Amino acid sequence: MGSKILDKSYDPHPVEEKWYRYWMEGDFFRADPFSDRKPYSIVIPPPNVTGVLHIGHALNNTLQDILIRFKRMEGFNVLWMPGTDHAGIATQNVVEKQLLEEGMDRHRLGREKFIERVWKWKEQSGGTIINQLKKLGASCDWSRERFTMDEGLSEAVKEVFIRLYHEGLIYRSHYIINWCPRCQTALSDLEVEHQELPGKLYYLKYLFQGKDRFLVVATTRPETLLGDTAVAVHPEDDRYRSFIGETVLLPILGRAIPVIADPYVDREFGTGCLKITPAHDFNDFEIGLKHGLPQIKVIDEEGRMKEEAGPYRGMDRFECRKKILEDLEREGLLLKVEDYSHKVGHCYRCKTIVEPNLSLQWFVRMKPLAEPAIEAVRRGRTRIIPSLWEKTYFEWMENIKDWCISRQIWWGHRIPAWYCQSCGETMVGKKEPPSCLKCGSTALRAETDVLDTWFSSALWPFSTMGWPEETPELKVFYPTSVLVTGFDILFFWVARMMMMGIKFMGDVPFRDVYIHGLVRDERGEKYSKTRGNVLDPLDLIQRYGADALRFTLAALTMPGSDIKLSEARTEGYRHFVNKIWNASRFVLMNLEEFDPEEIFKIYPPEEYSLPDRWIRARLNRTIRGVRQALEEYKFNEATHLLYQFTWHEYCDWYLELVKPYLYQTSDEKRKILTQKNLFETLDILLRLLHPFMPFVTEELWQRLLVRKPKESIMVAPYPEPEDRFDEGPWMREMEWVIEVITALRNVRGEMNLPPGERIDVLLRTEEEAKIEERVQRNQIFIEALARVKELRIGKDLRRPPCSAFVQVQEAEIFIPMDPSRMESEKRRLQKEIAKVEKEIAFVSRKLSNEQFLAKAPPEVVSEEKSKVADYQLLKSKLEENLRRVQEALG
RNA sequence: AGGCGGAUAGCUCAGUGGGAAGAGCGCCGGCCUUACAAGCCGGAGGUCGCAGGUUCAAUCCCUGUUCCGCCUACCA
């Protein structure tokens, strides 16, 4: 049937090209909101629009594609919603860098021109990552591709903002926030990465007014003292109790500030005196509010010292630190310096050290949104898999803080707010009001801030489906079936989608959340450009093929742990792909004269040969295992089952067992049935493998089914176990044959008999008739696979003087050999005896333990007993044979 | 500081409701046996981090401990 002989090895690239185009042209990825089949949907975690595919994307999308292809083949109405994220700060930074290279900057360019420029960059590079996903084989419905700054999605963003504002869940307030002096914007708590850095702890003298007494405070940031408005001590600290309410003079500036008491102060740390800088420290801010302290900003938005910093004005904050230390030293106010390692916050986009700063920003009140999202997971309306992440989710959600959503950048969704310049009224709405709703003034000023990029991401599961319109897509595909993502964005994204989904759709956004690990390099380090260890998935596809890469990623994915990608593994799976290619090549070669009509005939299982039935039973078992593993998101288990079955059962045994029937028999019916089974099993196997390796399976399947109407393996049914081919007692015969062949090969291998050298085999058994029949039925296999010249069976067969011995179930096997080989047979037997003796010793020790006999379950005891008996018998046989060998050796 | 995860063959990692452990790669020996040398056949290699405990029996359960990694946190 196969019209053309396949090449000897698989060349992935032309095949990948060809079939991806075929799938696209055939519209196989398209989801149908009007279908009456059961829906299955996934929204892609949208990659940054200007990004390039990295190995983490490759993993994430491979897993999604496996699930999607599996479900599609199972007959579900499948939607995989693709799209990209505008990635506010990240994208803006990239374009700013480009401008810098041109000797330009965004302020000189102006806001409008700059945004135009970003759009241009988006148009230019926005297709890159999408094309890379296609190279991976991702079967997204590309006709639905969305972008977070699309018109529709922007509409959803506005709608959500406005509704939340009117419900009082969004507010604007002066508050201390994390500020990135490089990106020139506020950041949310999550956008700050804490990193342990070596630093110093400085002990500073604060003198009392008019007296020569002083307090000593310890600080890591001496430059912030310029903004100090108090010194705090613990109210019950006897060392300082008497000073509470007094006034100290701030060094350098000489400002008088009070000594206050607050239980927040840790008496054990430093000196027990804490300087309070409400405008530049989160805790100090809270304490300041409590005590009604003034908030003095001394650092500006660029990280430079302000007017209020007096002599240091205009200096960079770190330069100022140096300078102020010199000055303090000179004035004798720097008492001592200690090494001190502490965590410092960095901007997650540009890695600059962030500056806590007082600022007017927009916030989302999170508690009321978080509560139902906690409830949903607690009640199992959304499952988090593996469940260990639930704990992390709960912990964060239960301690959630308000979310600072305004960003002082230009690239993003403009906050839809306007301020009246006469009366100060704030107005929020879809469009700019013609005049102030309160005082009627027409002097309005539009908000210039944009929203945190994660604000629009939080709406992704429903905004992509057309919300706030009531679309058929929403009706059918929301809630989505599963979200596949890494734990690094559990809070950034998953938690916020949960909150927004419940809030605006009245239902959770997904039934399952599958959390996979991060991909790390062989040494377990995170991939990063700065470490220079980036592994480019496209390069891996280039060298090994997309199927091999996908299979590797799936095989390395176990719930709850990170992945260390090893290229050796990918190479191994490229071999596996090639193995499948060649197995198919073999099958196709043998189907050349196969009558296609046979495909549609059905024979009872009894008419199939023993190897046929055996492989079908094994295949059934594999199908069950793979299906279950996929349902449970156990990707490594699924790939393991597929690998073991395909290579070690189908190729190593079945395809070998079948050869005698194909090449040696004159029994036409036998041959036809064998061919039929080859056809059927390969068809099933390819379909079973397809979600994992879509390209090679499509190519082979199309060649196998060359006379069938061409559609695609993508939409062929996913294999189901066939009960009629399930295991039965007859399986034991096949297992026995395999045992005999293995035993014979064992001897051959240990003695280094080349395959060309055929052996005679004598089989001595007590159950002559039974074994004789059995052997007769299977002689053809044993002879072919163990390279046997002549096989004799008998109860009274005599052991030839020069022969190797091996024991199998119900029979002893002798292989006559040249006397020159007796020396190695002796060594082999001695080794075997030693092994058996070790086993006997171990089991006997157990059996001589009375406690064991008394307390262990009887079936365990009897099992051990029969084990030791078997070993003893085997040992005596081995010894007997060893004696004979020694005799022969003289 | 709190929480979580890991420690199993030379390397990367599976595994078990407790009855002396598996894969891939690597290594050693023999083979171009008409699908595949990206292959075939055979083999070697592990006191399952350390110390206790529970049990007839622990790699697996419990306690403690060391090392590694990660996450969260307001000790300056």
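The shown structure was predicted, so the numbers you read here are calculated from the model rather than taken from an experiment. Keep in mind that the numbers below use all heavy atoms, side chains included, and drop hydrogens, waters and symmetry copies.
If you check B:U33 for Watson-Crick or wobble pairing at under 3.5 angstrom, you find it has no partner at all. Under the Watson-Crick or G-U wobble criterion, with both distances below 3.5 Å, B:G64 is paired with B:C50.
The closest side-chain donor-acceptor pair between A:Y348 and A:E191 falls under 3.5 angstrom. Checking A:S862 against A:E859 by side-chain atom types alone, no donor-acceptor pair falls below 3.5 Å.
Between the side chain of A:K8 and the base of B:C36, no donor-acceptor pair of N or O atoms lies under 3.5 Å. For B:A35, its base sits under 3.5 Å from the side chain of A:E656 at one donor and acceptor pair at least.
Residue A:P857 places its side chain closer to B:G19 than to any other of B:G19, B:A38, B:C36.
Among the heavy atoms of the strands, none lies under 4.0 Å from A:K275.
Only the P atoms considered, B:U65 is 13 Å distant from B:A1, to the nearest whole Å. For the C1' atom pair drawn from B:A14 and B:G24, the interatomic distance equals 10 Å after rounding to whole Å.
Counting to the nearest Å, the P atom of B:A57 and the NZ atom of A:K846 are 11 Å from each other. Atoms CE (A:M397) and P (B:G3) sit 22 Å apart, rounded to a whole Å. For the pair A:R745 CZ and B:C31 C1', the computed distance is 13 Å after rounding to whole Å.
B:A20 has its base stacked against the ring of A:F842, the centroids being under 5.5 angstrom apart at an interplanar angle below 30°.
The residues A:R703 and A:E699 are annotated as salt-bridged, a charged nitrogen and a carboxylate oxygen being separated by less than 4.0 angstrom.
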